[in-house]
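Only one structure is covered here, and it is reproduced in the block below.
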Amino acid sequence: MVALHLFLFREAPDPGPLLPLFAPHGRREVDDAVLRRDAVASTVATSFMRRVVEKPDDPFRAELYDALALVLARFAFDPAYGDAHTETSIDAGDFFGDPGIPPCAESRAAFRRRLPELLAAWRARVTRKGTSTFFGVVLRHLGAEGGESLVLERGGMDAEERKDLLLRLKDEEEIGPSARLALVEGLLDPSLEVRQAAFRGLEKQGAPVGGLDPAARDEDVAAAAAALREWASKTNP
C-alpha cells in the first residue's frame, strides 16, 4: 500500500477513473473483502490529500476535493462497521477539519455537489458517533448554506445531535433564516439542554432575547419564541 500511495502521489493521475474504488461494498458486516476495499480506498484517498497539500498547482485540484467529499459520503457512516469508524472516514474527517487546510472554492463546490449523498449516508447511520464531525465539516466548508441544509434534518436527530447542531450554529459568523428559526424553535425542545443551547445560540447571534430564561415555564418560553420568530425571518438580523 505504501508503494501504491507513492506511485499515485508521484504520477498525480486524474482522480475520476479511480472513483469506483470508493463504491459501496453492499455487505452487512465487515469481512476480508471489505477490509481490503477499505485499505485500498484509504491509500488512494490519502494520496489525494497529500496532493492537495503538497501540490497546490495540481491541475486536478477541484477533482481531488470532489473525490474526497465522495470518500466522506461513502465511508463516514458505513453501517457494516456499527459503532466503529473506518480509517478512511477518520482521515477524510481530519482532512476537511484541519485548520491548516482552509475552506476554498474547490472544497465548497465539492461539498455542494456531494451534500445530497452525504445527507443520505447520515440519515442511514446506525451510530451517532460521527455526527458531530459531519456537522462541523459541512458548516466549515458551506457556511450558511450548509446550516440551512442541516437544520432541515432536525426531525431525524436525537437530543444530543440537536444540541450539537445548535451550538455549532451559535459560532457561525453568518446563518440564514431557516437556521435562525431553528434556534428559536429550539427554545421549545423537550430537552432542557437543547433549550439552553438554543438560547446561547440566539444570544450569540444577536437575537433580542431580553431576560428570557430557557428553563422558565413553557407558556413564558413559547411567548418569547413567538416574538423571536419575526427576528428569525429577517434576512439580516
Side-chain angles (χ1 to χ4, degrees), residues 69 72-73 76-77 83 93 96-97 99 103 107-108 111-237:
L72 195 64
F77 296 102
D83 287 336
F96 283 116
S107 71
R108 286 189 288 272
F111 269 89
R112 191 172 291 119
R113 180 183 179 192
R114 298 297 181 181
L115 189 58
E117 190 166 357
L118 281 159
L119 288 170
W122 174 81
R123 292 184 200 115
R125 68 202 181 286
V126 296
T127 176
R128 268 56 177 171
K129 286 178 65 175
T131 290
S132 185
T133 297
F134 172 62
F135 289 168
V137 297
V138 169
L139 288 169
R140 184 168 190 260
H141 291 273
L142 286 181
E145 180 183 347
E148 293 290 279
S149 295
L150 291 175
V151 297
L152 296 177
E153 304 292 331
R154 283 177 298 148
M157 298 178 192
D158 62 20
E160 190 61 34
E161 290 172 327
R162 295 194 301 276
K163 172 186 170 184
D164 185 278
L165 178 58
L166 295 181
L167 289 176
R168 289 185 178 278
L169 292 174
K170 169 180 73 70
D171 294 326
E172 288 295 300
E173 291 185 6
E174 179 183 348
I175 59 175
S178 293
R180 291 195 293 273
L181 183 59
L183 288 172
V184 174
E185 298 301 334
L187 293 172
L188 308 175
D189 198 276
S191 165
L192 178 58
E193 288 191 353
V194 176
R195 289 187 180 199
Q196 291 170 332
F199 175 78
R200 290 170 60 189
L202 289 165
E203 197 172 37
K204 182 73 175 291
Q205 289 292 329
V209 293
L212 173 64
D213 179 0
R217 296 184 310 163
D218 288 352
E219 295 84 351
D220 294 336
V221 176
L228 285 166
R229 289 191 183 97
E230 181 180 356
W231 168 84
S233 67
K234 296 177 181 178
T235 304
N236 296 302

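All heavy atoms count here, side chains included; hydrogens, waters and symmetry mates do not.
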Does any non-hydrogen side-chain atom of [Y] lie less than 4.5 Å from one of [X]?
| X | Y | result |
| --- | --- | --- |
| Leu119 | Leu152 | no |
| Val221 | Pro214 | no |
| Ser149 | Leu115 | yes |
| Asp189 | Leu166 | no |
| Gln196 | Ser191 | no |
| Phe111 | Leu139 | no |

Quick one: [atom1] on [X] to [atom2] on [Y], what's the gap to the nearest 0.5 Å?
| X | Y | atom1 | atom2 | answer |
| --- | --- | --- | --- | --- |
| Glu185 | Arg229 | CD | CZ | 4.5 Å |
| Arg168 | Arg140 | CZ | CZ | 11.5 Å |
| Arg200 | Lys170 | CZ | NZ | 5.0 Å |
| Asp171 | Gln205 | CG | CD | 8.5 Å |
| Glu117 | Leu72 | CD | CG | 10.5 Å |
| Asp218 | Leu187 | CG | CG | 11.5 Å |

Which atom pair, heavy atoms only, marks the closest approach of [X] to [Y]?
| X | Y | answer |
| --- | --- | --- |
| Ala144 | Gly176 | CB-N, 4.2 Å |
| Gly147 | Leu169 | CA-CD2, 4.2 Å |
| Leu188 | Ala225 | CD2-CB, 4.2 Å |
| Ala182 | Val151 | CB-CG1, 3.7 Å |
| Ala207 | Leu228 | CB-CD2, 4.1 Å |
| Leu165 | Met157 | CD2-CE, 3.5 Å |

For the [atom1] atom on [X], are there more than 12 heavy atoms of other groups (residues, nucleotides or ligands in this structure) within a distance under 6.0 Å?
| X | atom1 | answer |
| --- | --- | --- |
| Glu173 | CD | no |
| Arg125 | CZ | yes |
| Glu145 | CD | yes |

* Answer yes or no: is there an ion pair linking Arg128 with Glu160, defined by an N-O contact shorter than 4.0 Å? =>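 No salt bridge links Arg128 with Glu160.
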>> Taking the basic N atoms (NZ, or NE/NH1/NH2) and the acidic carboxylate oxygens, is any pair closer than 4.0 Å for Arg154 and Glu161?
In response: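 Looking at Glu161 together with Arg154, the answer is no, because their closest N to O distance does not fall below 4.0 Å.
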Checklist entry - Should Thr131 and Asp158 be marked as a side-chain contact (heavy atoms from CB on, under 4.5 Å) after you check the CA-CA gap, both sets of side-chain angles, and the distance that decides it? => result CA-CA 11 Å; Thr131 290; Asp158 62 20; over 6 Å; no
query: Should Leu183 and Ile175 be marked as a side-chain contact (heavy atoms from CB on, under 4.5 Å) after you check the CA-CA gap, both sets of side-chain angles, and the distance that decides it?
result: CA-CA 10 Å; Leu183 288 172; Ile175 59 175; 3.8 Å; yes
Quiz prompt | Aromatic ring pairing Phe77/Phe134, orientation class (parallel under 30°, perpendicular over 60°, tilted between) | solution =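 Aromatic pair Phe77/Phe134 classed perpendicular.
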